[in-house]
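Following: one structure in structure tokens, then a few remarks.
Protein chains get the first letters and strands the later ones, always in sequence-line order, with residue 1 at the start of each.
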Protein chains: 2
Amino acid sequence: VTPPPLDRCLPRGARGRVYLVGAGPGDPELLTLRAHRLLVSAKVVAYDELVGKEILALVPENAERIAVGRRKGTNPSAPSIHPSVLERALAGIDVVRLKGGDPFVFGRGGEEAEQLAALRIPFEVVAGVSAALGAAAATGIPLTHRDAASSVTFATAQARHDASADDLAARVPAEGTLVLYMGLGNLAETAARLISLGRPPSTPVAIVSHATLPTERTLIGDLSSIGEAAAIANLATPALVIVGEVVAHRVVPAAEPAQPSTSPPAISARRTA
Amino acid sequence: VTPPPLDRCLPRGARGRVYLVGAGPGDPELLTLRAHRLLVSAKVVAYDELVGKEILALVPENAERIAVGRRKGTNPSAPSIHPSVLERALAGIDVVRLKGGDPFVFGRGGEEAEQLAALRIPFEVVAGVSAALGAAAATGIPLTHRDAASSVTFATAQARHDASADDLAARVPAEGTLVLYMGLGNLAETAARLISLGRPPSTPVAIVSHATLPTERTLIGDLSSIGEAAAIANLATPALVIVGEVVAHRVVPAAEPAQPSTSPPAISARRTA
């Protein structure tokens with residue numbers, strides 16, 4: 001028996017609107033005006049674990065908060081969007097779906113938007129400051145530089161989870177800056193692979209943990225040593241890994257004891273080989 | 001005769017602080033809270049041509065505005081930072097240096113930060129929504145997607161201007177999404193080069209002109225046809241070019257006549273070959 005078309009199974013009446021909102025890298029000051037506006041007037045906010053307390057504190061007290069954790073072991077072909085989000089929207093209630101960084105950079109925003117469109121639920125995508133941009137600005141490492149890089153690639157260290165082959169080679173260009181999202185887990189392996197792909201072992205690398213948050217920490221090394229250094233430093237996730245000559249162009253502002261800064265100084269550890 | 005150290009030639013006394021601020025892709029609603037806060041209380045704002053009127057309208061009326069145009073024919077090794085910005089800072093006046101998108105992605109923020117540090121002028125880098133992220137969210141094209149791309153590369157179509165060789169090959173990975181900044185000028189050439197590098201001629205391409213602004217326009221095609229289509233469409237710059245299977249995953253929200261949206265619908269033109 002063919003199931004009836006989806007449309008006929010859905011409740012009639014007005015749909016709520018789903019806002020797929022980038023929460024930025026962590027510092028609430030790096031929210032966009034649009035994201036801030038939506039948050040402070042939200043009735044329902046669904047957020048994933050990458051969104052911090054400082055940002056959730058902006059949500060009105062009487063709003064419903066739904067923690068939408070990454071569900072390990074979930075079938076990759078299962079719907080990306082959380083059932084409770086769909087439920088609210090189909091009942092006519094607007095939902096702010098808050099995602100770390102930008103919803104369209106490793107945020108599954110594309111997959112969720114496709115499902116919303118299929119269900120004829122109106123939605124809007126609000127761009128955010130992706131984690132790499134926040135980490136770069138906070139640590140003084142430019143992502144492109146006249147003398148160092150005319151491109152920057154954002155990639156995950158792991159291949160997408162439905163691919164069987166290791167396709168890191170296909171995702172990383174020969175030159176230019178590389179930012180690995182969620183790259184801390186198997187960093188020694190990834191660094192070795194990048195060297196085997198032709199990046200010099202002396203290529204500078206920065207790990208930025210908790211970028212733009214008060215708990216931010218930065219570890220500087222090179223491809224040959226960073227895996228071991230990271231294991232010793234035991235940095236907290238989420239962390240980003242920036243690979244390339246731009247790391248050597250890191251600029252730290254001169255000390256300014258009189259001027260309080262909103263972001264704390266990065267703790268920098270340079271390993272000598 | 002050796003010139004005296006730079007420090008001794010500089011005026012003593014307190015320096016002003018320079019804020020290297022990302023203005024985002026265009027829509028003022030995509031400014032960060034931090035950028036907005038700095039703008040509305042600025043005494044001096046130096047901005048480049050990519051920053052639009054809507055954003056400059058936020059600057060207080062009595063503030064000094066300095067247009068810092070891209071100076072064609074400038075010696076590439078000349079200082080990146082504008083002399084008038086340095087002058088104000090050395091005189092003890094804070095300056096907001098406003099840049100389109102994010103200051104560390106093709107914004108020369110790294111070069112300017114290096115100069116500020118050398119002159120012991122305090123500075124702060126404020127991350128912004130890079131143009132690619134704004135264009136993606138506004139047009140419904142995810143930059144990464146489970147079924148289409150696990151990486152995204154931002155590159156300029158031209159090699160950096162001090163490089164003599166065409167190094168596009170070195171900057172573009174075999175797979176994944178590619179976003180070309182300032183890619184409209186020589187698009188036919190670039191598209192042909194990407195095909196010669198192994199990207200299928202049928203690879204979908206989107207050009208997004210004036211992303212996130214009321215004048216936004218989108219043109220969809222593929223690598224084999226986009227150069228000709230762009231020439232006919234005569235899109236306004238600045239424009240971004242998004243290349244990759246993610247373009248086929250573009251999701252446009254269902255029509256919602258009752259709900260006014262802050263961003264206008266994209267005008268889409270699909271060329272049939």
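Chain A is approached within less than 4.5 Å, heavy atom to heavy atom, by B/Asp102 from residues 96-103 of chain B, ordered by number.
Looking at B/Leu116, there are no atoms closer than 4.5 Å to chain A (heavy atoms on both sides), in backbone or side chain. With a threshold of 4.5 angstrom between heavy atoms, A/Val152 approaches chain B through its backbone and through its side chain. With a threshold of 4.5 angstrom between heavy atoms, A/Leu20 does not approach chain B through any atom at all.
The distance from the CD atom of A/Glu29 to the CG atom of B/Leu38 is 8.5 Å, given to the nearest 0.5 Å. Distance check, rounded to the nearest 0.5 Å: CZ of A/Phe154 to CG of B/Leu133 gives 7.0 Å.
Between B/Arg108 and A/Arg146, the shortest heavy-atom contact is NH1-NH1, 3.3 Å. B/Phe123 and A/Val252 get closest at one heavy-atom pair: CZ-C, 4.3 Å. Nearest heavy atom pair, residue A/His145 against residue B/Gly110, reads CD2-C, 4.2 Å. Residues A/Ser151 and B/Ala155 approach most closely at CB-CB, 3.9 Å, considering heavy atoms. Looking at every heavy atom in both residues, A/Val105 comes nearest to B/Leu143 through CG2-CD1, 4.1 Å.
For the options A/Ala135, A/Gly128, A/Gly176, heavy-atom pairs under 4.5 Å to chain B are most numerous at A/Gly128. In terms of heavy-atom pairs under 4.5 angstrom with chain B, the leader among A/Ala174, A/Ala132, A/Pro28, A/Ala170 is A/Ala170. Between chain A and the residues B/Gly24, B/Pro25, B/Gly140, the most heavy-atom pairs under 4.5 angstrom are made by B/Gly140.
Residues passing the side chain to side chain contact (heavy atoms under 4.5 Å, CB included) test with B/Thr32 are A/Leu30, A/Val129, B/Arg34, B/Ala35, B/Val126, sequence neighbours excluded. With sequence neighbours excluded, no residue forms a ring-ring contact (aromatic ring centres under 6.0 Å, His included) with B/His36. For A/Thr153, the side chain to side chain donor-acceptor pair (under 3.5 Å) test picks out B/Thr153, with sequence neighbours left out.
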- Task: Begin with the C-alpha distance, continue with both residues' side-chain angles, and end with the deciding distance and a verdict on side-chain contact (heavy atoms from CB on, under 4.5 Å) for A/Phe104 and B/Val246.
- Result: CA-CA 10 Å; A/Phe104 275 177; B/Val246 290; over 6 Å; no
